[in-house]
Amino acid sequence: MTRPDAIPDAAPRLRTFLAEGHHGTMGWMAETADRRGDPTVLWPEARSVLMVSANYAPERDPLGDLPHTTRGLISAYARGDDYHDVLKKALKRLGRWFAETSGADVKVFVDTAPVMEKPLAEAAGLGWQGKHTNLVNRAFGSWLFLGAMFTTAELEPDTPEEDHCGSCRACLDICPTAAFPEPYQLDARRCISYLTIEHKDHIPVEFRRPIGNRIYGCDDCLAVCPWNKFAQTARLAQLHAKPDRDLPDLAELANLDDAAFRARFRKSPIKRTGRDRFMRNVLIAIGNSGDPNLAASVEMLLSDPSPLVRAMAIWALCELIPKAELQAVQLRQPAEIDPDVRAEWHRALAGDKGVGTKTNGQET
């Protein structure tokens, strides 16, 4: 339990985050900044906030999946059913019971409104925002989904949680793209989760190799958190990994058209990215696989209707086959009209594969 006015530092921190451009292309964060930074603006009648969490600790360490380069690594939170649906159904049941019992009005939110769940959860004593900016709990580590129930009822607030990160820098040092300019600060423009999920355009060249085989999200900063040693596996059955999201074969994913993509990820948060962005990610992973046997699957996508897909197919081929073969492939293609795809061909045939960036603290 906490109060709507319990996070006075949230608004200025959000303004700084936005002013520095760390939100990238997530324009909705700036558009809703007033309500996001101050819960009392979102619903002035609210007197209390009940914060809830659900543990989704994966059954195995996601970092152990990185060497499987011909398979796609999906973030642990997206291996089960969409947590928005799972958690909101449970929270709505709780809200109905509370409203009937107390006579108070309630509104529930699960990442579907401009609510800053992490600062509110910290204020409510559920955990603290770690140096990776995510919530950490001493019993469940970094594997937490959050939801909020606002109510007009007056509830006794709980004691806020204290920071227990100490001198640990594990989450900062492991980031493949150096997305943390300072502890407790995230530059989303460099974050693999943002790039593979929220970013709608071509992924900058400098980040493609560090992405590795991560096709949806990134768990590195979460997985390395020492507090995870206390975490147990997910309690809600719907949050357990589904077979088709547990290291899927990249060659198989490369064959998905829009209908097949929608069918495969029908209940998954992955469906919201759309097939083209997901295929962009798959092609980057294929380019990083080091397996030239995947080149045939990539070449088929050079004629894909999406320029986003065609461009990444070029990059993947450039990583997998010699330049002479790439030139022969290019000659077999019809004239390209998209300027970004043409630029990708020019970069590939010129041998400019881009520069690396920090990987586990080392320059590549």
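Scope of the values below: all heavy atoms of this structure, side chains included, with no hydrogens, waters or symmetry mates. Along the sequence shown, the residues carry numbers beginning at 1.
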Residue list, ring-ring contact (aromatic ring centres under 6.0 Å, His included) with [X], at least two apart or on another chain:
| X | answer |
| --- | --- |
| F145 | Y56, Y83 |
| W128 | H164, W227 |
| H199 | Y194 |

Exam field: side chain [X] to backbone [Y], donor-acceptor pair closer than 3.5 Å:
| X | Y | answer |
| --- | --- | --- |
| R245 | G80 | yes |
| D111 | H84 | no |
| R347 | V205 | no |
| D338 | V341 | yes |
| S48 | A153 | yes |
| N213 | H68 | yes |
| N288 | R208 | yes |
| R342 | I337 | yes |

Going by heavy atoms in the side chains, are [X] and [Y] under 4.5 Å from each other?
| X | Y | answer |
| --- | --- | --- |
| P181 | H22 | yes |
| L349 | Q327 | yes |
| P248 | I215 | yes |
| V110 | V86 | no |
| L239 | D81 | no |

Those residues that, when tested against N137, pass side chain to side chain donor-acceptor pair (under 3.5 Å) (two or more places apart): none

Under the side chain to side chain donor-acceptor pair (under 3.5 Å) test, residues paired with T2 that sit two or more places apart: none

Quick one: side chains of residues 296-314, donor-acceptor pairs under 3.5 Å with protein atoms, not counting sequence neighbours, listed by atom name and distance.
{"residue": "E299", "atom": "OE2", "partner": "R332", "partner atom": "NH2", "Å": "2.7"}
{"residue": "S303", "atom": "OG", "partner": "M300", "partner atom": "O", "Å": "3.3"}
{"residue": "D304", "atom": "OD1", "partner": "R275", "partner atom": "NH1", "Å": "2.9"}
{"residue": "D304", "atom": "OD1", "partner": "R275", "partner atom": "NH2", "Å": "2.7"}
{"residue": "D304", "atom": "OD2", "partner": "R275", "partner atom": "NH1", "Å": "3.0"}
{"residue": "D304", "atom": "OD2", "partner": "S306", "partner atom": "N", "Å": "2.9"}
{"residue": "S306", "atom": "OG", "partner": "L308", "partner atom": "N", "Å": "3.2"}
{"residue": "S306", "atom": "OG", "partner": "V309", "partner atom": "N", "Å": "3.4"}
{"residue": "R310", "atom": "NE", "partner": "E336", "partner atom": "OE1", "Å": "3.0"}
{"residue": "R310", "atom": "NH1", "partner": "D304", "partner atom": "O", "Å": "2.9"}
{"residue": "R310", "atom": "NH1", "partner": "P305", "partner atom": "O", "Å": "3.2"}
{"residue": "R310", "atom": "NH2", "partner": "E336", "partner atom": "OE2", "Å": "2.8"}

What is the minimum heavy-atom distance between [X] and [Y], and which atoms define it?
| X | Y | result |
| --- | --- | --- |
| S75 | C218 | CB-N, 4.2 Å |
| L87 | G147 | CD2-N, 4.0 Å |
| L326 | L317 | CD1-CB, 3.8 Å |
| A104 | F98 | CB-CE2, 4.3 Å |
| V115 | A148 | CG1-CB, 4.4 Å |
| S289 | L294 | OG-CD1, 3.5 Å |

Answer yes if [X] and [Y] sit in the same cluster of Ile, Leu, Val, Met, Phe, Trp and Tyr residues linked by side chain heavy atoms under 4.5 Å apart, and no otherwise.
| X | Y | result |
| --- | --- | --- |
| L144 | F230 | no |
| F150 | V41 | no |
| W97 | M1 | yes |
| V136 | L222 | no |

Sort and list the pairs that fulfil salt bridge (charged side-chain N to carboxylate O under 4.0 Å, His left out) and have at least one residue in [range], not counting sequence neighbours.
| range | value |
| --- | --- |
| residues 52-76 | R60-D65, R60-D246, D65-R79 |
| residues 86-96 | none |
| residues 115-141 | R138-E161 |
| residues 12-21 | none |

D82 and Y77: side chain donor to acceptor below 3.5 Å: no

D105 and T152 side chains, donor-acceptor separation under 3.5 Å: no

Salt-bridge contact E45-K107 (side-chain N to carboxylate O under 4.0 Å): no

Note: E319-R209 ion pair, threshold 4.0 Å (strictly below): yes

About how many Å separate [atom2] of [Y] and [atom1] of [X], when rounded to the nearest 0.5 Å?
| X | Y | atom1 | atom2 | value |
| --- | --- | --- | --- | --- |
| R280 | D201 | CZ | CG | 8.0 Å |
| L250 | L283 | CG | CG | 9.5 Å |
| L186 | Q129 | CG | CD | 11.0 Å |
| L195 | T177 | CG | OG1 | 7.0 Å |
| D219 | L63 | CG | CG | 8.0 Å |
| L66 | D220 | CG | CG | 5.5 Å |

From CA spacing to verdict: side chain to side chain contact (heavy atoms under 4.5 Å, CB included), H202, D340: CA-CA 9 Å; H202 302 281; D340 290 328; 3.4 Å; yes

Residues which pass salt bridge (Lys or Arg N to Asp or Glu O under 4.0 Å) with R189, listed by chain and number, not counting sequence neighbours: D187

Pairs of donor and acceptor atoms involving the side chains of residues 253-269, under 3.5 Å and at least two apart or interchain, shall be tabulated with distances.
{"residue": "N255", "atom": "ND2", "partner": "A251", "partner atom": "O", "Å": "3.3"}
{"residue": "D257", "atom": "OD1", "partner": "A259", "partner atom": "N", "Å": "3.3"}
{"residue": "D257", "atom": "OD1", "partner": "A260", "partner atom": "N", "Å": "2.8"}
{"residue": "D258", "atom": "OD2", "partner": "R262", "partner atom": "NE", "Å": "2.8"}
{"residue": "R264", "atom": "NH1", "partner": "E252", "partner atom": "OE2", "Å": "2.8"}
{"residue": "R264", "atom": "NH2", "partner": "D244", "partner atom": "O", "Å": "3.2"}
{"residue": "S268", "atom": "OG", "partner": "I270", "partner atom": "N", "Å": "3.0"}

